[in-house]
S.K.: 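Can you keep this structure in mind? I'll have questions shortly.
Proteins get letters first, then strands, A, B, ... in listed order; numbering begins at 1 in each.
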Amino acid sequence: MYNLAMAPATVLRIGELSKRSGVSPELLRAWESRYGLLRPTRSPGGLRLYSADDVERVRRMQEHLASGLAAAEAAALATDDTASPLSGPAVDPAVARARLASSLDRYDEAGAQAVLDELLATVTIDTFLAQILLPYLHDLGERWKRGEASVAQEHFASSVLRGRMLALARGWGRGVGPQAVLASLPGEQHDLGLIAFGLMLRARGWRITYLGADTPLATVAEAAASVGPELIVLSATTAERVRPVRAELRRLGKRYGIGLAGPGFVDGDERALGGRVLTADPIGEAERVTADAGVHG
Amino acid sequence: MYNLAMAPATVLRIGELSKRSGVSPELLRAWESRYGLLRPTRSPGGLRLYSADDVERVRRMQEHLASGLAAAEAAALATDDTASPLSGPAVDPAVARARLASSLDRYDEAGAQAVLDELLATVTIDTFLAQILLPYLHDLGERWKRGEASVAQEHFASSVLRGRMLALARGWGRGVGPQAVLASLPGEQHDLGLIAFGLMLRARGWRITYLGADTPLATVAEAAASVGPELIVLSATTAERVRPVRAELRRLGKRYGIGLAGPGFVDGDERALGGRVLTADPIGEAERVTADAGVHG
Amino acid sequence: MYNLAMAPATVLRIGELSKRSGVSPELLRAWESRYGLLRPTRSPGGLRLYSADDVERVRRMQEHLASGLAAAEAAALATDDTASPLSGPAVDPAVARARLASSLDRYDEAGAQAVLDELLATVTIDTFLAQILLPYLHDLGERWKRGEASVAQEHFASSVLRGRMLALARGWGRGVGPQAVLASLPGEQHDLGLIAFGLMLRARGWRITYLGADTPLATVAEAAASVGPELIVLSATTAERVRPVRAELRRLGKRYGIGLAGPGFVDGDERALGGRVLTADPIGEAERVTADAGVHG
DNA sequence: ATAGGTTTTGTCAAGCTTTTGTACAT
DNA sequence: ATGTACAAAAGCTTGACAAAACCTAT
């Protein structure tokens, strides 16, 4: 809720409160005089000055009205809802995704960052990634296929989210845990899912060496020779990326544990390529590979 | 020196400030006389000379105006915001501490969270803890001793920071790294430094079991028996906390690796109590204990 | 050049100084008597004899005047700008680059992050980008061409640095400054230079909408239609990226101010494509486009 | 919801001063 | 070279004004 308060001792005049809440100034004054819903201070000249609390009360009033209560009751509830916004609903993932989408669709970076700040302060990183971010990316892809989202929106959203995830990733190469090397296959430009999986591994104690999108397998082998990973995770969104490198993959799989992530891989590949195919449930997969690595550790 | 060149003791006349900010000279003068937004020095002949700070205040004023606030309120905020200046080192630790202090002193949780968001997005957690948070806590303690900070302020600051650090700590018990058990000695209420140290260990791959402030050593022993830690970290801010439990400490030290943290321990205790005394350099200590643990791992 | 001027042989009479600096003799005398800017010795006959220091002071005076300061203030700064701007940088950029390179070459993410933390706490963003990061990337490219750095190292370094820069970029879409839309041309995968330029614009008050690498121009146009930018910056590292989209670029240049960044563009393109070609001096370019956009006032 | 009065805030004008580049007489 | 003069440009202060936003009361 501190996003509202980015402007801390926020002091709004009635017009601005009206704009932000969609309630007419007259009605705001009526709610004040009839129900005591608002308790603005006054400017020296007598203008009403509203605080962030007032904004919050108006929001709750509207919520209660929408749910069918009469104004008097709605006001009574909104007034003594002692409940701080923190005790509110525990973050509905669908709502969170919608808020994120709405900001990003409008190229509103600041708004999106505020939503992300709030989410990350409230839910675990696993939840954030699995319930909000990955589904959001999936939705975005679908909307784009249906022509409902533009390429520009997708680019913009990716950039904002990539920045945020890489910020969470900072320091993920340090420590004493098992090593994982992460890369997308040659030609593959998508990397957000891979980063997300890296974060989940990190949350389970792994050290991550991240090579990024569109990485030749020779490059992967080279990095692996240098860091000696317990696991190499390779991602691909389509089978086309996989076909040209099957032989190389098999060879790599002889020397290292391999995880094959993304819809580019199918169950058969498990046997054919000598790696483990990671399903659509990243949290579960992170748990599993960690359990396996824990055995040696 | 570097910033001398970048941000000279900039001394602008009103016309130049107007050009740079896009605000007419008349309006700049009005903002000065009506709201005290600007505090230019004067040339011998009486011309206004503006500093870099003034430039920054104008920028913030415009930002607040754009967000819908009326001029009087925008000016009030722009005047006492210690918000990020656009020039200077990207993150100046001293500036960061000052911004944090200013928000927390005013019980402005929202503002403090915003500062924390920004810092954590920019700097690694080690740097954040060692350069900003721990020094800030130390300052706060000193100010309190000198009667410059109230108990209420200290409480408020502690609770905001504890919340934030525990948010960062989420999930720190999971994974495959070496185990550490953390607790403050009986009677000891301070725990922020201990949490900070836990976060540094976590960043190096440790799994943390955190028992909190004011923990009887029997409780520690019990937890240790259950998780089998490589290391137990105990903290105390004064020697008084240590004296009553010396015997117990020695006994615990026979079975486990012990770290003794905080000013309550002195060098002599290393031998007397059979633990390692952690100095005032938490990053270094985290590195060292990790290096030691890495040997077994 | 400054070292040339350090040569003691430089003793100029007023006419010569005037020619070299483009400042009339009358004005030079006025600057001397009014502000004490110059301190020439005298010939036996009373003629002014200027030293290399005087030349330097005149140069700085002109620089400050050009940046908009009034004569009195410009002179004050030019006079006590104690040392040449090159004197004793607190951070030696070459050393900083070497430290960065050494960490990144070893896939030591934690070490690299620590170096970056330290740098960001010491130097301005501009300095960091222009003196350290961009030269480092350039070096890395060269080493790669010579076969001294591997692809894996380049991938790894890029990812770490990208994460760091995007963290600094957080919130760069917010505010009231002029809008800029940034994107790399289709097929272009490099984006770090572009992000760096975005950060420099941000430090000068711009709002940034960042679309990322490999962006179709139709996508750029779409985003531009939505945010209405004062400037669109497009980057390309080779001319190959430019050729297929010349017509589209020209069209875009008719509706928006365009900046063409990176070695993919050459001087001739300025006219041919209707955009401004941004040279290898990003700070200077950021200053210039900002000065131009300043017209909004 | 409207009417009639008040506050807020950006802009303008008048009359005078300071600053600064250039010119000129000695 | 010096010293003085001068005029254009840029600033200063005071005071006023009008549009927009707000107030109360009907």
S.K.: Does anything in residues 68-78 of chain B pair up under salt bridge (charged side-chain N to carboxylate O under 4.0 Å, His left out), and if so which pairs, sequence neighbours excluded?
M.R.: A/Arg13-B/Glu73

S.K.: Could you check how far CD1 of A/Ile14 sits from C1' of E/dA20, rounded to whole Å?
M.R.: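 Between C1' of E/dA20 and CD1 of A/Ile14: 15 Å.
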
S.K.: With sequence neighbours left out, what residues match B/Glu32 under side chain to side chain contact (heavy atoms under 4.5 Å, CB included)?
M.R.: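 By the side chain to side chain contact (heavy atoms under 4.5 Å, CB included) rule, B/Glu32 matches B/Leu38, B/Pro40, B/Arg42, B/Arg48, B/Tyr50.
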
S.K.: Nearest whole angstrom, please: distance from the P of D/dG10 to the CD of B/Gln62.
M.R.: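 Going from B/Gln62 (CD) to D/dG10 (P), I get 11 Å.
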
S.K.: For the pair made of NZ in B/Lys19 and P in E/dA9, what is the distance, rounded to whole Å?
M.R.: 13 Å

S.K.: Would you please name every residue forming a side chain to side chain contact (heavy atoms under 4.5 Å, CB included) with B/Ala96, sequence neighbours left out?
M.R.: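 Here the qualifying residues are B/Leu119, B/Ile132.
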
S.K.: Kindly give the atom pairs (protein nitrogen or oxygen, nucleotide nitrogen or oxygen) under 3.5 Å for nucleotides 21-24 of chain D.
M.R.:
| unit_1 | atom_1 | unit_2 | atom_2 | d |
| --- | --- | --- | --- | --- |
| D/dG21 | OP2 | C/Trp31 | NE1 | 3.1 |
| D/dG21 | N7 | C/Arg34 | NH1 | 2.8 |
| D/dG21 | N7 | C/Arg34 | NH2 | 3.3 |
| D/dG21 | O6 | C/Arg34 | NH2 | 2.9 |

S.K.: Figure out the CZ/P separation between A/Arg48 and D/dT8, and round it to whole Å.
M.R.: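 From A/Arg48 CZ to D/dT8 P: 14 Å.
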
S.K.: Between E/dC12, D/dT20, D/dT8, spot the one nearest the side chain of A/Leu47, thanks.
M.R.: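 Nearest listed nucleotide: D/dT8.
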
S.K.: Closer than 4.0 angstrom, basic N to acidic O: yes or no for A/Asp54 and A/Arg59?
M.R.: no

S.K.: If you compare every side-chain N and O of A/Arg13 against the phosphate oxygens of D/dT9 (OP1, OP2), does one of them come in below 4.0 Å?
M.R.: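 It does, given that an N or O in the side chain of A/Arg13 lies less than 4.0 Å from OP1 or OP2 of D/dT9.
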
S.K.: Please name all residues satisfying side chain to side chain contact (heavy atoms under 4.5 Å, CB included) with C/Ala280, sequence neighbours left out, ordered by chain then number.
M.R.: none

S.K.: How does DNA chain D look in dot-bracket notation if pairs are Watson-Crick or G-U with both distances under 3.5 Å, crossing ones as [ ], other-strand ones as |?
M.R.: ||||||||||||||||||||||||||

S.K.: Report yes if some heavy atom in the side chain of C/Tyr256 is under 4.5 Å from a heavy atom in the side chain of C/Val181; otherwise report no.
M.R.: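 Side-chain contact under 4.5 Å: no.
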
S.K.: Measure the distance from OH on B/Tyr50 to P on E/dA10 and round it to the nearest whole Å.
M.R.: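 Answer to the nearest Å: 16 Å.
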
S.K.: Considering heavy-atom distances to DNA chain D, does B/Gly46 or B/Glu73 have its closest nucleotide positioned more toward the 5' end?
M.R.: B/Glu73

S.K.: Who pairs with C/Ser43 by side chain to side chain contact (heavy atoms under 4.5 Å, CB included), at least two apart in sequence or on another chain?
M.R.: C/Leu47, C/Leu49

S.K.: Listed by chain and number, what are the salt bridge (Lys or Arg N to Asp or Glu O under 4.0 Å) partners of B/Glu26, not counting sequence neighbours?
M.R.: none

S.K.: What side chain to side chain donor-acceptor pair (under 3.5 Å) pairs are there with at least one residue in residues 104-115 of chain A, not counting sequence neighbours?
M.R.: A/Ser102-A/Arg106, A/Asp105-A/Arg143, A/Glu109-A/Gln113, A/Gln113-A/Arg164

S.K.: For the pair made of CG in A/Leu17 and P in E/dC23, what is the distance, rounded to whole Å?
M.R.: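 So the CG-P distance, A/Leu17 to E/dC23, works out to 11 Å.
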
S.K.: Roughly, in whole Å, what's the span from CG in A/Leu12 to C1' in E/dA21?
M.R.: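 In whole Å, E/dA21 C1' lies 14 Å from A/Leu12 CG.
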
S.K.: If the cut-off is 4.0 Å, is A/Arg42 near the phosphate of D/dT8, judged by side-chain N/O to OP1 or OP2?
M.R.: no

S.K.: Roughly how many Å is it from CD in B/Glu16 to C1' in E/dA9, rounded to a whole number?
M.R.: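 The answer, rounded to whole Å, is 15 Å.
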
